[in-house]
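Just so we're clear, the structure is a prediction, and the values are computed from it rather than from any experiment.
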Amino acid sequence: MLKRWCIPALAVLLCLTALAACRRGAPPPDASPAPPGDSAVPAQPASPQPPPRSEPDPNPVPEPEPGPVSTSDPEPEPGPVSTQDPEPDPEPEPEPEPANTRLYVLMYHHFIREGEEYNDWMLTDARFREDLEWLAGHGYTTVLPSQLAAGEPLPRRAVMLTFDDGYRSNYELIYPLLQEYQARAVISVIGGYIQAEDPLFLTWDMCHEMARSGLVEIGSHTYACHDDGEHGVKRHKGESREDYEARVLPDLQTSIDLIQEKVGTAPVFFAYPNGKTEEWARDFIRAHFAVTVTTRHGSADISGGLYELRRCNVSMKVPVGDILPD
């Protein structure tokens, strides 16, 4: 049995041993007192133990699968806010104006000098000058049959000047005015009068000269069918179609051939004598002419074709200002 003084000494020894172990980083030895009768043995430092093995989680949480990789460019970082006003939207282009199909065809015949007597089919040269000035001042443009036949678009205000019969006054009084105002016109000649060298009518040389200027075209008004009986190309009462075609069609062909020979250009324009059409001549006329006119009063709408166009007769009592819109 230990002496009473030995117990406190043993306790002091154990404390010193534990303190030394703490300084060496080892875990303190078991501080339990040794059983009675055993000699006191200093505690040995514990050997380092391997880390415990981690057991698998019985309920593992699956890791999220990677999503599809985006191929789009990343959103750009916002830049500085502009303080300028946004540009206005461009003004819409204006709608194009529809094509003009309205044509005013004016009809003239014989011209005289100022002071001479006249009838409803005559005009003085001074009045024709006034007509040209009025047309120019109101924005009208003169056009030729060949332009219509070629399909050229009509000007906004289109007018065609037509002279029937082929009077010499067309050359002597009117052609100089056409040159002065650079106005264009078509003269429909009666070929038989020119061939007969009637002094009241044009010559082929006059026709050729005017046609070369580019201001005048020569059209047909038949060769000899424009007679005093005012039949023109109309069939006679009781006339058979065979007799009609033998009388009228060669007359028209002679007119075409003469103009082609004497002027150098085949006519594209035909003015019906007295303005009267005829069904029996229609196919022949349309096969040889591109533009035809009657004497039915009014403006022409070429959207319906270039045949049998309406015309307006100009006289000393009816100036162009009374016929055409301002």
Worksheet item: Can you hop from Met210 to Trp204 via hydrophobic side chains spaced under 4.5 Å?
Response: yes
Worksheet entry | Distance-minimising heavy-atom pair for Asp251 and Ala224 | OD2-N, 2.8 Å
Item to complete: Would you name the heavy atoms of Thr294 and Arg311 that are closest together and state the gap between them?
Response: O-NE, 2.8 Å
Item to complete: Assess whether atom CD of Glu116 is packed by more than 12 heavy atoms of other residues, nucleotides or ligands within 6.0 Å.
Response: yes
Worksheet item: Are any side-chain N or O atoms of Ser315 and backbone N or O atoms of Asp120, one a donor and one an acceptor, separated by less than 3.5 Å?
Response: no
Worksheet item: Got more than 12 heavy atoms from elsewhere within 6.0 Å of CD, Glu180?
Response: yes
Discussion item. According to a hydrophobic-cluster definition based on side-chain heavy atoms being under 4.5 Å apart (Ile, Leu, Val, Met, Phe, Trp, Tyr only), do Ile302 and Met107 belong together?
Written reply: no
Worksheet entry | Residues, nucleotides or ligands: over 12 heavy atoms within 6.0 Å of Arg282 CZ | yes
Practice prompt. Heavy atoms only: give me the nearest Gln147-Thr142 pair and the separation to one decimal.
Written response: OE1-O, 4.4 Å
Discussion item. For a 4.5 angstrom cut-off between non-hydrogen side-chain atoms, does Val314 reach Tyr108?
Written reply: yes
Worksheet item: Do Asn274 and His226 have side chains that get closer than 4.5 Å, going by heavy atoms?
Response: yes
Worksheet item: Quick one: do the Thr203 and Asp205 side chains pair a donor with an acceptor below 3.5 Å?
Response: no
Practice prompt. Please work out whether the ring planes of His138 and Trp134 are parallel, tilted or perpendicular, with thresholds of 30° and 60°.
Written response: parallel
Worksheet item: For Ala126, which residues count as a side chain to side chain contact (heavy atoms under 4.5 Å, CB included) partner, sequence neighbours excluded?
Response: Glu114, Thr124
Item to complete: Please name the pair of heavy atoms, one in Gly166 and one in Val189, separated by the smallest distance, quoted to 0.1 Å.
Response: CA-CG1, 4.1 Å
Item to complete: Give a yes or no answer on whether the side chain of Asp198 reaches the backbone of Leu200 with a donor-acceptor pair at less than 3.5 Å.
Response: yes
Worksheet item: Between Asp131 and Arg127, does at least one N-O distance fall below 4.0 Å, as a salt bridge requires?
Response: yes
Item to complete: Answer with yes or no whether the side chains of Tyr244 and Glu278 bring together a donor and an acceptor at under 3.5 Å.
Response: no
Worksheet entry | Heavy-atom side-chain contact between Met316 and Leu123 under 4.5 Å | yes
Worksheet item: So, the side chain of Glu217 versus the backbone of Ser146: is there a donor-acceptor pair under 3.5 Å, distance only?
Response: yes
Worksheet item: Quick one: are Asp243 and Arg235 in side-chain contact, heavy atoms under 4.5 Å?
Response: no
Fill in: Validation row: Val248, Leu252 side chains within 4.5 angstrom (heavy atoms)
yes
Item to complete: Return yes when atom OH of Tyr307 has more than 12 non-hydrogen atoms of other residues, nucleotides or ligands closer than 6.0 Å, and no otherwise.
Response: yes
Worksheet item: Going through the distances and angles, do Arg184 and Thr141 end up as a side chain to side chain contact (heavy atoms under 4.5 Å, CB included)?
Response: CA-CA 9 Å; Arg184 290 166 283 193; Thr141 303; 3.8 Å; yes
Response to the item:
Heavy-atom closest pair (Pro267 atom, Ile259 atom, distance to 0.1 Å) is CD-CG2, 3.8 Å
Response to the item:
Note: Val143 and Ala158 closest approach over all heavy atoms is CG1-CB, 4.5 Å
Worksheet item: Just checking, any donor-acceptor pair under 3.5 angstrom between side chains of His297 and Asn313?
Response: no
Worksheet item: Out of Tyr223, Tyr167, Phe201, which residue meets the ring-ring contact (aromatic ring centres under 6.0 Å, His included) rule with Tyr193?
Response: Phe201
Worksheet item: With distance as the sole criterion, is a donor-acceptor pair present between the side chains of Ser213 and Gln179 under 3.5 Å?
Response: no
Discussion item. When you compare the side chain of Phe269 with that of Leu148, does any pair of heavy atoms fall below 4.5 Å?
Written reply: no
Worksheet item: Heavy-atom distance under 4.5 Å between the side chains of Leu249 and Trp280, does that happen here?
Response: no
Practice prompt. Return yes if some donor-acceptor pair links the side-chain N/O of Ser188 with the main-chain N/O of Asp164 below 3.5 Å, else return no.
Written response: no
Worksheet item: Given side chains that start at C-beta, do those of Lys262 and Ile194 come closer than 4.5 Å, heavy atoms only?
Response: no
Would you tabulate the side-chain donor-acceptor contacts of residues 283-291 under 3.5 Å, counting partners in other chains and residues two or more places apart, or write 'none'?
unit_1 : atom_1 : unit_2 : atom_2 : d
His288 : ND1    : Phe284 : O      : 2.8
His288 : NE2    : Gln253 : OE1    : 3.4

Practice prompt. Without swapping roles, check the side chain of His221 against the backbone of Ala271 for a donor-acceptor pair under 3.5 Å.
Written response: yes
Worksheet entry | Distance-only donor-acceptor check, side chains Arg129 and Tyr181, under 3.5 Å | yes
Worksheet item: Are any side-chain N or O atoms of Asn170 and backbone N or O atoms of His109, one a donor and one an acceptor, separated by less than 3.5 Å?
Response: yes
